[in-house]
Structures are given as C-alpha cells and as structure tokens.
Participant: 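Handing you a structure now.
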Amino acid sequence: MKNARNFYINGAWVAPVAARDLDVIDPSSEEVCATISIGDEADTNAAVASARSAFDTWSQTSKADRLALLNRIAEVYTAHEADLIEAISVEMGAPTSVSQEDQYGSGIWHIEGITKALEDYEFEAPLSDDEMILHEPIGVCALITPWNWPMNQIVLKVIAALAAGCTMVLKPSEIAPLSALVFTKIMHEAGVPAGVYNMVNGDGPGVGSQLSAHPDVDMVSFTGSTRAGILISKAAADSVKRVALELGGKGSNIIFADARPEAVQDGATFCFHNTGQSCDCAARMLVERSRYDDAVEQARLVAENTKTGPAREDGTQMGPLVSHVHFDKVQGLIQQGINEGARLVAGGPGRPDGLNRGYFTRPTVFADVTPDMEIWKQEIFGPVLAIMPFDTEEEAIRLANDTEYGLSNFIQTTDRDRAHRIAGRLRSGQVQINGAAMSAAAPFGGYKQSGNGREGGRFGLEEFLEVKVIPGWDV
C-alpha cells in the first residue's frame, strides 16, 4: 500500500525520523499483508507542533466553512468505498459483507450524523439578558483508536473534532492500520488544511503514551481496553488535560418469557457479529426460567449454523479473531469456562472444522453459567455467549448490574411498563429495548469502568468544546 511506511504531518506524507518497521498480519491467512512504520518521540512532537500551529486559524473558521469541509469529506469517503472495504477485511478479518454494511457503513453514517449536529448547533447562546455563553474548541486533540471498529471510531473522533474547530493527531491501532491510511488519503483529497489533521502510526507504550503526556495536547480521546484507558488517564494527569474514554463492556441481554419469538436468535447472532469483537456485545444472556431450556437450544442452533471462514470468502458470516495474541486469550477463556463447570452447548476450544490456518475460533455457547465464573465477569471480546436463568425482575436487574462495566444492556419484553422500569435501573450508558436501533444522533458511552464522555451527534461534538461565560456582553 502506498505511503504505508509514512506518516501524515502538516498536510504531507513524510518519512519517519527513525524507521522502525512493523508487519501487519492478515488474520484470515496469518500472512504479512503490509508493513508500516512505528513512530518515535520526534514524529509525535512534529505532528503535535503541526496541529498546534494550525489551531489559531482553524479554530476561528466559520460554521459554514466547517460544514463545507465535512460535506467534501463525505463525498471523497464514498468514492473510496471499495478501498475501505478491502482494507478492513484484510487488516482485521471482517467478512466482506460486514466490512461494507457495518464497518464502512458506520463511517458515512456518522459523518452525516455529525454534519447534521453541526448544522443545528449554536456556538453562542445567551444565558441571561447580559451574559453570553460561548462554546469554543478545546485545542489540539490526540485521537487514539482501536482495531475492532476502525472507521466507526476514527470518524466519531476526527469528524467531531473538526466540526468543533479543533486540530488533531490521529494514532490508529497498529494491529489494523490500513483503513486509517485510506482515511488519511481521503482527508488529503478533501482538502483539509495543512496541520489540522495529522496521523502517526505507533503503539500504545510509544506514540500513545507520548501523546497522552504531551504538554501541547489539550485533550485525549481514546477507545480501547479499560486497562489502557487507566494508563492514559494517569499519563494525562500531570498536564490536567481532558480525557474522554470509551472502554470495555460486559452487557446483559435480559429476555423475559413474553419476549418476541426471535429475541434469543437475534441476541445470539448479535453476540457473534464482528466475531464478538465489540465493546457493546451482549455476551451475557439472562433468560426467564420458563423459557430457559428453549433459549439454550435456540442459541446452540445459531452457533452451529454460523458460517465461519476467511473474510473474503463468499458466504462467510464470521471471520477470524484479529491476532494470534487475541486468539490465545479467547481460547484460554473458553477452556476456563469448561474448567469452571459451565455447560458447553456449542463450540469450544480449537478452530472450526476445516480451518487449520488463520485465527478462527468456534462460535461458543455456555449454559448454566454462575456469577463467580470468569466467562461471566471478564470481557472476552470473542464469539462466546454465556447464558444464565433468572426468576424475578429484581434478580435480573441485580445480575445485569453486577459488573465493573456499564456500557450497554438490552431488554426483551412486550410489557412496556416493565421495560421502562428496568431501563431506568440498569447502570449503563445505553439500554436497548426489543432490538431497537440507536440513531446517529444518539450518545454512545458508558458508566463505571466502561469510560466517560460520549460520542455521536451533538453529544460527541460537545466533548471537544470548552464553555466560556461572558457577563456584560451587551455593554
């Protein structure tokens, strides 16, 4: 891929100060598919200096100018649809259909959603007869994004920061950096002013830590593991910069006896989607006891009928896990579930039949799981569904809230009052009822160790803004 070893600083592709190569592995084949460079402190400093230099001008642009740029980015983004789909399938193993409909599709969906939020947003509003509130860009932003939803997360951060009037340095995941290279090409072709958007590849301990602690960075927006989010918060503390975190999750899907007939099937399918590599994956299924045995059987059928295979093979529904390290982690947790006494209903350790190469794992279902088991408590980030029965509404709420995370929960019932009552008591950033989808304007983020701050629409735009009050405005 052209410019794979280069960074994008001050409106141009530049070579790293000291080249350090890193191979990118196609998880479907375990073969090297590209080689990128890993940045060092000199590269980080150059990118931050570029963003700092551009801030005074970009922060003063009009809303009309920013809207015009966002619309140009949307046009160029759609022109590169095929490039993005191919890159995402290669770098992280998403099946072509998932790369197109969900991975690529989420990007343009959020570009349009943030553009609409900017159109409607008022950066100046009176507080009283003689006081004005100004919403101003926070400054230079470090945007650190994950491998599992590359375009979704890059767009949510970059486009919102642009809309707010901020300048930025993007550090995409070094595991899946190819789509970020395509996105950077899009930004260049769309005419983003030099220095407003910069991109440096690197790992967390290197470029990630350097950006988090950098005195000229005003904000860090990070999506990834809770462990890494804690380290970023500590690194950022000395400069008292704003830190927005979208971290792990261990959501519950609460299915009552009166739920829709397809509720279990939909829930299991959602758990296996993107090979279970989603922070809002409903990996815990709580089922009212009268429906429990049927639910376990339905989940087993979904797992056994999910076609697992190479990302670009026709008919593939579930691709590989992203890396050898992640494959080993998920395999270890599946074995731990067996060792702890959970009933293995489908899947289990090892690769699916006929797949001897690639980081493929079996869609796995455990029943009779108990709250003390690691597969119930720990975020597995793989296609592993843990099912447990419950008897009362109070018990379901207690079990769902019994986690250090608080990102997403799900309720399946035809009793509207019950759904509203439970939704108000679940400690998570979003609660979806009966499979209803969120809009592009909806805020995404969590409680507890799932992070802080929100992304998407107006809520995501405001993460990148400071609030200033000016008394005496009319003097």
Side-chain angles (χ1 to χ4, degrees), residues 88-89 92-106 109 148-149 152 249-257 259-288 291-311 313-322 330 334 337 344-348 352 355 360-367 369 375-376 379-388 400 407-414 430-438:
I88 294 169
S89 289
M92 63 156 294
T96 300
S97 59
V98 174
S99 289
Q100 180 174 18
E101 297 168 16
D102 301 321
Q103 295 279 1
Y104 162 82
S106 66
W109 189 59
N148 61 320
W149 284 93
N152 188 77
K250 191 69 175 179
S252 290
N253 190 2
I254 304 172
I255 299 178
F256 286 90
R260 301 169 296 122
E262 62 273 21
V264 172
Q265 179 179 332
D266 289 350
T269 300
F270 181 56
C271 178
F272 303 144
H273 184 65
N274 207 43
T275 320
Q277 300 170 132
S278 299
C279 52
D280 62 345
C281 171
R284 305 193 298 178
M285 185 176 285
L286 288 160
V287 184
E288 192 167 5
R291 192 168 169 176
Y292 180 71
D293 290 340
D294 286 343
V296 170
E297 175 62 14
Q298 286 179 303
R300 179 188 69 81
L301 291 173
V302 171
E304 294 183 350
N305 286 291
T306 298
K307 183 180 177 183
T308 303
E313 184 174 285
D314 288 345
T316 292
Q317 296 171 298
M318 194 180 88
L321 295 165
V322 75
V330 173
I334 291 173
L344 183 64
V345 174
L355 294 170
F360 299 99
T361 193
R362 299 177 181 182
T364 296
V365 177
F366 284 106
V369 179
I375 58 170
W376 185 258
E379 183 183 37
I380 298 174
F381 226 59
V384 181
L385 179 63
I387 311 180
M388 182 191 297
L407 187 58
S408 297
N409 282 296
F410 304 81
I411 302 169
Q412 309 286 343
T413 179
T414 55
Q430 45 270 341
V431 180
Q432 291 172 253
I433 298 174
N434 294 330
M438 294 197 298

Participant: Can you list everything that forms a ring-ring contact (aromatic ring centres under 6.0 Å, His included) with Tyr104? Sequence neighbours excluded, please.
Facilitator: Tyr77
Participant: Gln103 and Ala94: which non-hydrogen atoms are nearest, and at how many Å?
Facilitator: CG-CB, 4.4 Å
Participant: Under the side-chain contact (heavy atoms from CB on, under 4.5 Å) criterion, do Met92 and Asn274 qualify, and how do the steps go?
Facilitator: CA-CA 10 Å; Met92 63 156 294; Asn274 207 43; 3.6 Å; yes
Participant: Do you know which two heavy atoms are closest between Pro320 and Gly93, and how far apart they sit?
Facilitator: CD-O, 3.3 Å
Participant: Distance check, rounded to the nearest 0.5 Å: Asp280 atom CG versus Trp149 atom CH2?
Facilitator: 8.0 Å
Participant: Could you list the residues that satisfy salt bridge (charged side-chain N to carboxylate O under 4.0 Å, His left out) with Asp266, not counting sequence neighbours?
Facilitator: Arg260
Participant: List the atom of Ile380, the atom of Val330, and the distance in Å for their closest heavy-atom pair.
Facilitator: O-CG2, 3.7 Å
Participant: Which atoms form the tightest heavy-atom contact between Gly267 and Asn253, and what is the distance?
Facilitator: CA-ND2, 3.6 Å
Participant: Measuring from Ile433:CD1 to Asn409:CG, what's the distance to the nearest 0.5 Å?
Facilitator: 11.5 Å
Participant: Let me confirm one number: the CD-CG distance from Glu313 to Leu355, rounded to the nearest 0.5 Å.
Facilitator: 8.0 Å
Participant: Just how far is it from atom CZ of Phe366 to atom CD1 of Ile387, taken to the nearest 0.5 Å?
Facilitator: 11.0 Å
Participant: Rounded to the nearest 0.5 Å, what separates atom OG1 in Thr308 from atom CZ in Arg362?
Facilitator: 10.5 Å
Participant: Side chains of Asn305 and Gln317: do they bring a donor and an acceptor to under 3.5 Å?
Facilitator: no
Participant: What is the distance from atom CD1 of Ile255 to atom CG of Leu286, rounded to the nearest 0.5 Å?
Facilitator: 9.0 Å
Participant: I would like to know whether Asn148 and Val322 meet side-chain contact (heavy atoms from CB on, under 4.5 Å); could you show each step before the answer?
Facilitator: CA-CA 8 Å; Asn148 61 320; Val322 75; over 6 Å; no
Participant: Counting C-beta onward and ignoring hydrogens, is there a side-chain heavy-atom pair between Cys281 and Phe272 closer than 4.5 Å?
Facilitator: no
Participant: side-chain contact (heavy atoms from CB on, under 4.5 Å) between Phe270 and Val302: does it pass, once the steps are laid out?
Facilitator: CA-CA 10 Å; Phe270 181 56; Val302 171; over 6 Å; no
Participant: Going by the rule ring-ring contact (aromatic ring centres under 6.0 Å, His included), which residues pair with Phe256 if we only count those two or more places apart in sequence or in a different chain?
Facilitator: Phe390
